[in-house]
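These notes concern the structure reproduced below.
Just the heavy atoms: all of them, side chains too, but no hydrogens, waters or symmetry mates, feed the values below. Chain identifiers are assigned alphabetically (A, B, ...) following the order of the sequence lines, protein sequences preceding nucleic acid strands; residue numbering begins at 1 within each chain.
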Amino acid sequence: MMLDPKIIKEKPEIIRKMLQDRNVKFDLDSLIDLDLRRRELIIKTDELRKKKNIVSLEIASRKKAGSDAGSEIAQMQQVSSELVVLESEQLRVESEYARLAFAIPNLVHESVPRGADESANQEIRRWGQMPRADFAVRDHIEISQKLDLVDLERAAKAAGARFYFLKNSLVKLNQALINFALDFLEQKKYVLIQPPYMINKNAMEGAIIASDFQDVIYKVEGEDLFLIGTSEHAIAAMHSNEILEGKDLPLRYAGVSPCFRKEAGAHGRDQKGIFRVHQFDKVEQYVFARPEESFNEHEKMLAVAEEFYQKLGIPYRVMLLSSGDLGKVSAKTYDLEAWMAGQNAYREIVSCSNCLDFQARRLKVRFRDKTNEQTQYVHSLNSTLVATTRTLVAIMENFQTRDGHINVPRSLQKYIGSGII
RNA sequence: GCGGGGGUCGCCUAGCCUGGUAGGGCGUGGGAUUGCUAAUCCCAUGUCCGUAAGGACGCGUGGGUUCAAAUCCCAUCCCCCGCGCCA
């Protein structure tokens with residue numbers, strides 16, 4: 001339901017180590033204790049149910065034979081009332097156990113550098129040439145204001161901070177990125193998916209961990225519905241409670257959807273512009289893979305993302321996140337950080353994660369090769385291909401011209417029919 | 001939204017009216033037999049607890065009635081058919 005419950009029972013020290021590596025507080029001892037009590041109660045209630053089944057059979061056969069079953073029925077009443085008490089206790093312990101167990105972060109893969117925060121992230125490689133301008137470069141806010149491509153003030157009026165109206169050619173450039181990304185992934189045989197933009201609690205809990213709910217997820221008032229923070233959330237739940245056929249794996253999906261995020265706790269960071277916003281469009285890679293294939297798939301997804309930015313001509317570096325900077329559901333994550341000339345810095349634009357069986361366990365996504373085989377949980381992986389707003393920032397800042405215009409990357413030109421904005 | 005039908009252990013299906021251990025077919029694995037990869041027959045094929053023996057649970061979900069619920073009652077979700085409304 002989270003991690004393999006066997007680990008809680010048999011090897012809690014693995015979890016303890018992981019919590020330390022992640023620099024995360026979690027009441028593991030309570031969980032271990034609850035697991036013990038939970039199993040004791042299962043044994044006791046099973047015992048009572050067994051008794052009940054035996055007496056029930058006796059009653060049935062007596063009734064059939066036409067003889068009196070009065071004392072057996074009295075016995076059943078006794079056992080049933082005992083059972084009611086124990087069952088409610090069991091339910092209480094079980095749900096407390098589940099609540100805690102659901103909050104445990106994922107294991108951390110051995111290849112992940114250990115460290116308390118992003119300062120321990122490891123740079124893997126760099127690609128591309130940073131643009132060298134012989135003029136004063138502007139940031140994307142200035143560029144977009146000047147060309148009338150974004151209206152932040154009016155968006156604040158209509159919606160609030162961290163919203164935007166895209167205008168004019170930037171609308172088309174945004175669509176161009178989406179279309180280019182979809183064509184790109186379709187060519188690589190990904191199955192195109194446009195998911196529901198709202199999903200229910202059960203589905204959402206499968207993809208993320210409780211604490212993320214408060215910080216990133218919007219709830220729809222009066223409905224059991226939540227706005228997706230990425231198509232990953234919806235696609236993760238797509239095959240919930242299914243047993244997939246081994247021969248169908250890996251399933252590679254290209255999700256396209258708007259993404260909605262609260263960005264709570266990001267006060268003051270990237271306050272202006274469209275870099276960090278409550279809503280943006282994204283094309284996402286999501287893969288269900290066999291466990292033994294998942295790290296291969298992970299590298300492949302990263303390579304696909306890199307190829308995409310190479311085609312756009314955006315310089316980037318690949319970072320391997322340290323244990324302390326890793327998301328809670330991920331066991332290993334690479335970030336692509338694009339060079340943003342206007343900020344003179346690399347900034348995150350892609351996050352590529354292997355979640356192992358963490359999400360699959362929560363959502364019961366299993367597979368097997370033969371119908372009589374034991375089922376196994378699949379591994380799930382996700383990676384941004386393009387989150388449009390951030391990539392638009394990179395394009396505006398890196399491809400700006402001396403006179404304040406923007407050169408359109410060659411691979412996008414056919415989608416907007418123009419080489420310059 | 002209204003009316004009708006449905007949801008059973010991977011898939012298909014019986015059982016529900018009339019409460020008393022969920023049966024069959026397919027698929028898959030193993031075995032038997034036959035000179036042969038065909039036919040036939042036998043066994044196995046969900047989850048949890050338990051070192052094991054064994055046991056419990058499982059009929060969309062949640063409640064209720066009952067000594068006992070797939071079966072009866074209530075609520076709820078989803079799917080199909082028809083009607084209505086609608087971009």
Side-chain angles (χ1 to χ4, degrees), chain A residues 1-12 31-102 194-206 220 222-226 234 237-249 251 288 290 357 360-378:
Chain A
M1 306 181 132
M2 10 59 210
L3 296 180
D4 188 339
K6 276 203 199 100
I7 301 177
I8 299 170
K9 185 179 146 194
E10 289 160 16
K11 302 197 167 150
L31 182 66
I32 293 171
D33 184 54
L34 280 164
D35 184 41
L36 274 171
R37 282 166 60 203
R38 178 183 80 92
R39 290 185 352 247
E40 272 169 29
L41 283 165
I42 288 173
I43 291 170
K44 281 190 192 160
T45 52
D46 276 7
E47 201 63 35
L48 277 179
R49 289 201 192 97
K50 181 183 175 183
K51 205 157 151 192
K52 206 172 132 178
N53 287 340
I54 291 169
V55 179
S56 182
L57 275 182
E58 178 63 19
I59 292 171
S61 75
R62 278 185 179 245
K63 290 238 169 175
K64 215 175 243 172
S67 57
D68 178 59
S71 77
E72 281 75 15
I73 287 175
Q75 205 185 337
M76 277 288 263
Q77 280 164 331
Q78 170 66 23
V79 174
S80 288
S81 67
E82 273 177 55
L83 194 55
V84 166
V85 176
L86 268 181
E87 271 176 343
S88 74
E89 170 70 1
Q90 190 193 348
L91 196 75
R92 206 180 55 75
V93 172
E94 203 79 65
S95 72
E96 186 63 9
Y97 169 82
R99 194 186 60 77
L100 257 186
F102 244 69
Q194 192 168 38
Y197 300 159
M198 294 174 246
I199 60 177
N200 61 38
K201 184 156 193 255
N202 197 42
M204 194 59 96
E205 280 175 340
V220 178
E223 306 273 348
D224 178 23
L225 286 173
F226 299 81
M238 200 162 89
H239 293 291
S240 63
N241 292 308
E242 287 183 29
I243 298 176
L244 305 170
E245 289 194 50
K247 68 176 170 57
D248 293 336
L249 297 176
L251 289 171
F288 292 102
R290 307 175 74 96
D357 63 2
R361 222 172 250 290
R362 295 170 152 240
L363 291 160
K364 295 194 178 61
V365 188
R366 292 152 297 169
F367 79 97
R368 62 181 168 199
D369 295 298
K370 302 280 172 63
T371 53
N372 71 329
E373 253 178 24
Q374 188 76 349
T375 58
Q376 282 186 73
Y377 288 105
V378 301

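Backbone-only contact: A:R38 has heavy atoms under 4.0 Å from sugar-phosphate atoms and none from a base. Residue contacts shown for A:I42 are limited to sugar-phosphate atoms, with no base heavy atom under 4.0 Å away.
Checking the phosphate oxygens (OP1, OP2) of B:A68, a side-chain nitrogen or oxygen of A:S80 falls inside 4.0 Å. Close to B:G50, at under 4.0 Å from its OP1 or OP2, lies no side-chain N or O of A:K44. Between A:Q78 and B:C67 there is no side-chain polar atom (N or O) within less than 4.0 angstrom of OP1 or OP2. At least one side-chain nitrogen or oxygen of A:R39 sits closer than 4.0 Å to the OP1 or OP2 atom of B:G50. Here A:N53 reaches the OP1 or OP2 of B:A56: one of its side-chain N or O atoms lies under 4.0 Å away.
Straight-line distance between the P atoms of B:A56 and B:G4: roughly 40 Å, to the nearest whole Å. Comparing the P positions of B:G50 and B:U33 gives an interatomic distance of 41 Å, to the nearest angstrom. Taking atom C1' in both B:G24 and B:C79, the straight-line distance is 25 Å, to the nearest Å. The same atom, P, is picked in B:A69 and in B:C57; the two are 10 Å apart, to the nearest Å. Rounded to a whole angstrom, the distance from the C1' atom of B:C59 to that of B:U71 is 10 Å. Going from the C1' atom of B:G84 to that of B:C12 covers 35 Å, rounded to whole Å. Distance noted for atom P between B:G6 and B:G55: 37 Å (whole Å). The separation of B:G82 from B:G30, taken at their P atoms, amounts to 47 Å, rounded to a whole angstrom.
Across B:C57, B:G55, B:C67, the shortest atom-to-atom separation from the side chain of A:K50 is found for B:G55. Relative to the side chain of A:A60, the nucleotides B:G20, B:C49, B:G50 differ in distance, and B:G20 lies closest. Comparing B:C67, B:C57, B:G10 by their closest approach to the side chain of A:I59 singles out B:C67.
When all heavy atoms are compared, the tightest approach of A:L244 to A:H239 is CD2-ND1, 3.8 Å.
Under 4.0 Å is where a charged nitrogen must lie from a carboxylate oxygen, and between A:D46 and A:K50 no such pair does. Ion pairing of A:R62 with A:E58 is present here, as a side-chain N (NZ or NE/NH1/NH2) and a carboxylate O approach within less than 4.0 Å.
Using N1 to N3 plus N6-O4 or O6-N4 for Watson-Crick, or N1-O2 and O6-N3 for G-U wobble, each under 3.5 Å, B:G84 pairs with nothing. In this structure, B:G27 and B:U45 make a Watson-Crick or G-U wobble pair, each of the two defining distances being under 3.5 angstrom. The nucleotide B:A32 finds its pairing partner in B:U40, both defining distances of the Watson-Crick or G-U wobble pair being shorter than 3.5 Å. In a base pair of the Watson-Crick type (N1 to N3 plus N6-O4 or O6-N4) or a G-U wobble (N1-O2 and O6-N3), with each distance short of 3.5 Å, B:U66 is matched with no nucleotide.
The CZ atom of A:R38 sits 4.5 Å away from the OH atom of A:Y97 when rounded to the nearest 0.5 Å.
The interatomic distance linking A:N372 (CG) with B:C9 (P) rounds to 17 Å, in whole Å. Computed from coordinates, the A:Q374 CD to B:U28 C1' distance equals 14 Å when rounded to whole Å.
In this model, a side-chain donor or acceptor of A:T371 finds a partner on the base of B:G27 within 3.5 Å.
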